[in-house]
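Down below is the structure, laid out as structure tokens.
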Amino acid sequence: EESFLNSEAESELKEIIVKSLNRFEYLILVYYLKGYSYRELSDIFNKNEKAVDNALQRIRKKLLLVLDK
């Protein structure tokens with residue numbers, strides 16, 4: 001039962017994240033959570049490190065707003 005509840009909560013959280021972020025932000029978040037560095041992310045997405053940093057800042061702000069409700 002506890003495993004099911006954890007799985008359900010995880011699904012709900014993922015749904016909230018997907019709805020809140022654009023595709024680029026979502027992919028940046030996924031790779032960042034896997035442990036990729038800003039440099040690696042900038043290489044993967046062909047963006048400069050500042051663009052990656054800006055995306056992560058937007059992600060933090062959006063998720064704080066959504067999860068704070």
Side-chain angles (χ1 to χ4, degrees):
E1 186 177 311
E2 186 177 321
S3 176
F4 173 76
L5 292 176
N6 287 338
S7 169
E8 191 173 313
E10 187 177 311
S11 293
E12 288 177 25
L13 179 59
K14 183 176 180 184
E15 186 177 329
I16 289 169
I17 291 170
V18 168
K19 286 181 178 180
S20 301
L21 304 177
N22 66 40
R23 181 167 169 71
F24 175 66
E25 292 166 345
Y26 177 75
L27 291 173
I28 289 287
L29 178 61
V30 168
Y31 279 79
Y32 183 74
L33 292 176
K34 288 182 179 183
Y36 287 79
S37 69
Y38 280 43
R39 176 37 114 194
E40 291 168 321
L41 292 170
S42 69
D43 290 341
I44 291 168
F45 294 102
N46 198 26
K47 303 280 186 181
N48 62 41
E49 289 184 48
K50 183 64 178 167
V52 170
D53 182 56
N54 289 343
L56 286 166
Q57 295 304 319
R58 286 192 309 274
I59 291 166
R60 285 184 187 101
K61 288 178 186 176
K62 287 180 179 183
L63 294 182
L64 282 173
L65 285 173
V66 172
L67 297 176
D68 194 35
K69 292 182 182 178

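Everything numeric in this text was worked out from a predicted model, so none of it was measured.
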Between Leu29 and Ile17 the two heavy atoms that sit nearest each other are CD2-CG2, 3.8 Å
Nearest heavy-atom approach of Ser42 to Asn48 is CB-C, 3.9 Å
For residues 55-65, tabulate all N or O donor-acceptor pairs below 3.5 Å that involve a side-chain atom, not counting sequence neighbours.
{"unit_1": "Arg58", "atom_1": "NE", "unit_2": "Glu25", "atom_2": "OE2", "d": "2.7"}
{"unit_1": "Lys62", "atom_1": "NZ", "unit_2": "Glu25", "atom_2": "OE1", "d": "2.7"}
{"unit_1": "Lys62", "atom_1": "NZ", "unit_2": "Glu25", "atom_2": "OE2", "d": "3.2"}

To the nearest 0.5 Å, atom OH of Tyr32 lies from atom CD of Glu40 at 12.0 Å
One should read off an interatomic distance between Leu41 CG and Ile28 CD1, to the nearest 0.5 angstrom, of 5.0 Å
By side-chain contact (heavy atoms from CB on, under 4.5 Å), Arg23 pairs with (sequence neighbours left out) Leu27
The side-chain contact (heavy atoms from CB on, under 4.5 Å) partners of Lys19 (sequence neighbours excluded) come to Glu15
Residue pairs meeting ring pair (Phe, Tyr, Trp, His ring centres under 6.0 Å), one or both in residues 41-66, sequence neighbours left out, come to Phe24-Phe45, Tyr31-Phe45
Contacts of Tyr36 meeting side chain to side chain donor-acceptor pair (under 3.5 Å) (sequence neighbours excluded), chain-then-number -> none
Those residues at least two apart in sequence (or on a different chain) that pass salt bridge (charged side-chain N to carboxylate O under 4.0 Å, His left out) with Glu49 are Arg39
